[in-house]
Amino acid sequence: MIPVTPSDVIKRELHGRVLVVRIDNPPVNALSARVRNELQLAFEAAEADATVDAVLLIGAGRAFAGGADIREFGKLPKPPALPDVCNQIEACGKPVVAAIHGVALGGGLELALAAHYRIAVSGAKFGLPEVTLGLLPGSGGTQRAPRLVGAKAALDLMLSGRHIGAKDAHALGLIDEIASTDDVLADGLAYTQRLLAAHAPARRTRDARALADRTSSRAAIEAARADAAKKTRHLFSPMKIVDAVQAALEMSFDDGLRHERQLFLQCLDSPQRAGLVHAFFAEREVQKAPETRKAKPRAITNVGVIGGGTMGAGIAVALLDAGLPVTMIERDDASLLRGGALVEKVYDRLVEKGRMSLEEKADVLARLSGSTSYDALDKADLVIEAVFEDMAVKKAVFAELDRVCKRGAVLATNTSYLDIDAIAASISRPADVVGLHFFSPANVMKLLEVVVPSKASADVIATAFDLAKKLRKVPVRAGVCDGFIGNRVLAIYRAAADHMMEDGASPYQIDRAVRDFGFPMGPFQVSDLAGGDIGWATRKRRAATRDPKMRYVQIADRICERGWFGQKTGRGFYLYAEGGRTGQPDPEVEAIIMDERQRAGITPRTFSDDEIMRRYMAAMINEGANVVHEGIALRPLDVDVTFVHGYGFPRHRGGPMKYADTVGLANVLADIREFAKDDPLFWKPSPLIVDLVERGATLASLNQSA
Ligand code: 3HC
Ligand code: NAI
């Protein structure tokens, strides 16, 4: 083995007559400008060197390659472009083999497709996830993948962005061999030697014939087009992917590549790409809360959950799914039985759908135990409380926890609004208390607000972040205030929606406008789903402290007074057919709204969808900025992640703070000032927005690691 050139990111070693070209750009071998440049040099050298018979392309460290360097998007492109590097590799006169371990994603897989042969270790993962970043595979992937595995399979990979394993990749024809060991270099070299011994030619993917059946290829393309129009109507890149595959079918390879490039550049320029890339980095950035750098997490092997209602049961499922043993505490046997049944129901559905066997279900449930006595928590390392949203009840529970839990146990509350500092202050160990605010359904929703009370110790917070990782949740650090980040901002934009409803927009128009913007549901549908009684109880609790000068819309109260709490009672803002989940507009609700307008002395006016969204978003952005300004959220990106993962904010817009920068913070401020002319108490510009606009700065400028 002779090292050929010293280089940081591309290592070249001659093994006999095989040149091993190793990408070494940690952590995931992203194909940065330097990597591309040196890859080019390596292949030029291989071509020119008479002592080289073949090239073996591999990745160092944990992956083959995680794709193009996402950090370069949006900056001035630096040559050489990845498609050119791929073309050069494919054109190489000597056989080129890619040996894959870890991941080959996006440009990483496209690089492998440009090689002449592919072998992978059995644990390798493959995917073309560009669609999740608002892009399409832009280094020949849309042209090579369909030629290699057919239009249907290639479209499925590109439109879903999913990762597949080596076995599936082999079955599709994406790779030629699965290695017999995990030694990617040894198996790659052995495979290359076999190819050389068999005088295998430089086989080029551009010549592959999987599109030969034009009728079925065309059918697959049309089916994908119809599907994309239906399922991803808000997204820009899925249709471009379909267009690119159509080009693969109808054009020469070189023309197809040129077409792919044009489509790729359109995607690259789109605000959706910017939004999705922002979301990608933001959800990684939120994991790095300051406490996670300062302190080590405590060990968590035993967990307790107090309360087996909607949230307690869902949290128990999330913990069980992460492999942890769970002890559930309820106030009496009947409630305990009901809590256990709620947990079991989740697994029953998985069994029904064939996603879990009965034995697996039994194994999981064997880790769940229950008790009506707090003494069962004496071994717990972490307890999560999810009892009624009532300070007295919560304090009583924490007093019990203080009594029975061992020293060092983390004591968490799932409260939505209550003052966690007050809960912490009520026991003898406030440093162990933290808020773990899950979202419903707790075993499904990705967001976990980690609410940090003033006395919490750093290792308790680090433990919360560590737990989030185990639960595969996206944690966002939040400070203590009424509603933390998410529910606090929600209260404001929901109020803006209520104001518009009273001023003349129907709840159905508002919901539709919000859906057209990209949310899966509008605010009134959300209320019907969650249960109108929850918000009603909160409003009643706050009635005494509400500023009487502040506008208060009573429509929701009138609806709740009739016992119309939404889906669970068959009507709310919408009417639901027996057991139905899709509501119909309700003329009686419209009549209630008219009466309320009259009572409030309001002459209704019309709203355009555009005005609805400007008001809705301005309210969300303004309160989001307040939350950052007050240090409740560390940075704007924490607000973005909260809304994308907890409130259905369209990911392709990056989050409300990213959206504000996209439309221009000065425009948002101008809107707020315009709206303030009618209601200055509600529309108070956030000092943070005023300051940023005065300085000509963006919210993104505050996104450096906190
Ligand atoms: N470019 C730049 N940085 C990347 C990157 C990429 N393609 N992929 C990952 N990273 C960075 C992450 O930001 C993170 O940085 P940090 O430590 O500073 O926060 C670090 O690498 C590790 O990433 P993860 O924390 O996500 O590590 P995991 O082991 O959990 O996951 C992964 C690794 C599966 C590779 C995951 O990072 C991933 O899915 N990456 C994106 C893959 C992708 O979408 N590739 C396509 C890019 S677009 C493209 O190739 C266009 C082409 O067609 C022209
Ligand atoms: P729920 O009413 O469905 O469940 C509460 C459960 O706690 C009941 O089963 C009750 O029997 C039990 N309980 C009451 N007092 C108890 C005690 N002293 N000891 C043991 N068990 C006791 O309520 P839900 O919706 O699950 O809410 C629980 C908490 O989670 C609340 O603080 C709520 O604000 C919060 N939350 C609720 C969300 C939701 O969407 N429902 C979302 C996020 C947080």
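Just so you know, ligand 1 is whichever comes first in the structure, and atom 1 is the first atom listed for that ligand.
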Original post:
Taking His645 as the fixed residue, which of Glu283, Lys473, Lys446 is the one that meets the side-chain hydrogen bond (donor to acceptor under 3.5 Å, both in side chains) rule?
Top reply: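 It is Glu283; the other options fail the test.
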
Subject >> Heavy-atom pair with the smallest gap, counting every atom of Arg261 and Ala81 >> reply: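 Closest approach of Arg261 to Ala81: NH2-CB, 4.4 Å.
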
Subject >> Ser139 near ligand 1 by a heavy-atom separation under 4.0 Å >> reply: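 Yes, Ser139 has heavy atoms under 4.0 Å from ligand 1.
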
Subject >> Any Arg62 heavy atom less than 4.0 Å from ligand 1 >> reply: yes

Look at [X] together with [Y] and state whether they make a salt bridge at an N to O cut-off of under 4.0 Å.
X	Y	answer
Arg162	Asp156	yes
Arg144	Glu110	no
Arg273	Asp269	no

Subject >> For atom 26 (O) of ligand 1, closest protein heavy-atom neighbour >> reply: Arg284 NE, 2.7 Å

Subject >> atom 8 (N) of ligand 1: nearest protein contact (heavy atom, Å) >> reply: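 For atom 8 (N) of ligand 1, the nearest protein heavy atom is Val28 CG2, 3.4 Å.
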
Close N or O approach ([X], ligand 1; < 3.5 Å):
X	answer
Thr132	no
Val103	no
Leu82	no
Lys288	yes
Phe281	no
Ala68	yes
Gly107	yes

Subject >> Candidate list Leu448, Thr415, Asn414, test side chain to side chain contact (heavy atoms under 4.5 Å, CB included), partner Leu436, passing option >> reply: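 Going through the options one by one, the only one that passes is Leu448.
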
Please tabulate, one line per pair, the protein N or O atoms found under 3.5 Å from any N or O atom of ligand 2, giving the distance to one decimal.
{"from": "ligand 2", "atom 1": "3 (O)", "to": "Thr310", "atom 2": "N", "distance (Å)": "3.0"}
{"from": "ligand 2", "atom 1": "3 (O)", "to": "Thr310", "atom 2": "OG1", "distance (Å)": "3.2"}
{"from": "ligand 2", "atom 1": "9 (O)", "to": "Gly309", "atom 2": "N", "distance (Å)": "3.4"}
{"from": "ligand 2", "atom 1": "9 (O)", "to": "Glu330", "atom 2": "OE2", "distance (Å)": "2.5"}
{"from": "ligand 2", "atom 1": "9 (O)", "to": "Arg338", "atom 2": "NH2", "distance (Å)": "2.8"}
{"from": "ligand 2", "atom 1": "11 (O)", "to": "Glu330", "atom 2": "OE1", "distance (Å)": "2.8"}
{"from": "ligand 2", "atom 1": "11 (O)", "to": "Glu330", "atom 2": "OE2", "distance (Å)": "3.2"}
{"from": "ligand 2", "atom 1": "11 (O)", "to": "Arg331", "atom 2": "NE", "distance (Å)": "2.8"}
{"from": "ligand 2", "atom 1": "11 (O)", "to": "Arg331", "atom 2": "NH2", "distance (Å)": "3.4"}
{"from": "ligand 2", "atom 1": "19 (N)", "to": "Tyr374", "atom 2": "OH", "distance (Å)": "3.2"}
{"from": "ligand 2", "atom 1": "21 (N)", "to": "Glu330", "atom 2": "OE1", "distance (Å)": "3.4"}
{"from": "ligand 2", "atom 1": "26 (O)", "to": "Thr310", "atom 2": "N", "distance (Å)": "3.3"}
{"from": "ligand 2", "atom 1": "26 (O)", "to": "Met311", "atom 2": "N", "distance (Å)": "2.8"}
{"from": "ligand 2", "atom 1": "30 (O)", "to": "Asn414", "atom 2": "ND2", "distance (Å)": "2.9"}
{"from": "ligand 2", "atom 1": "32 (O)", "to": "Val387", "atom 2": "O", "distance (Å)": "3.3"}
{"from": "ligand 2", "atom 1": "32 (O)", "to": "Glu389", "atom 2": "OE1", "distance (Å)": "2.5"}
{"from": "ligand 2", "atom 1": "32 (O)", "to": "Lys394", "atom 2": "NZ", "distance (Å)": "2.6"}
{"from": "ligand 2", "atom 1": "34 (O)", "to": "Glu389", "atom 2": "OE1", "distance (Å)": "2.8"}
{"from": "ligand 2", "atom 1": "34 (O)", "to": "Ser416", "atom 2": "OG", "distance (Å)": "2.7"}
{"from": "ligand 2", "atom 1": "36 (N)", "to": "Ser416", "atom 2": "OG", "distance (Å)": "3.2"}

Original post:
So with a 6.0 Å cut-off around NZ of Lys345, is the heavy-atom count from everything else above 12?
Top reply: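 Result for NZ/Lys345: open.
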
Original post:
Hey, does the Lys NZ or Arg CZ of Arg542 hover above the aromatic six-ring of Tyr417, less than 6.0 Å from the centre and inside 45° of the axis?
Top reply: yes

Subject >> Output field: ring centroids Phe649/Phe643 closer than 6.0 Å >> reply: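 No, the ring of Phe649 stays outside the 6.0 Å limit from the ring of Phe643, centre to centre.
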
Subject >> Test of ring centre spacing under 6.0 Å for Phe439 and Tyr647 >> reply: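 Distance test on ring centres: under 6.0 Å, yes.
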
**OP:** Say whether Asp182 and His101, considering side chains only, have a donor N or O and an acceptor N or O under 3.5 Å apart.
**Re:** no

Original post:
Under 4.0 Å from atom 44 (O) of ligand 1, is there any protein heavy atom?
Top reply: yes

Original post:
ring-ring contact (aromatic ring centres under 6.0 Å, His included) with Phe484: which residues, sequence neighbours excluded?
Top reply: His437

Subject >> Which segment of Leu31 sits under 4.0 Å of ligand 1 when only heavy atoms are counted >> reply: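 Within the 4.0 Å criterion, Leu31 makes no contact with ligand 1.
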
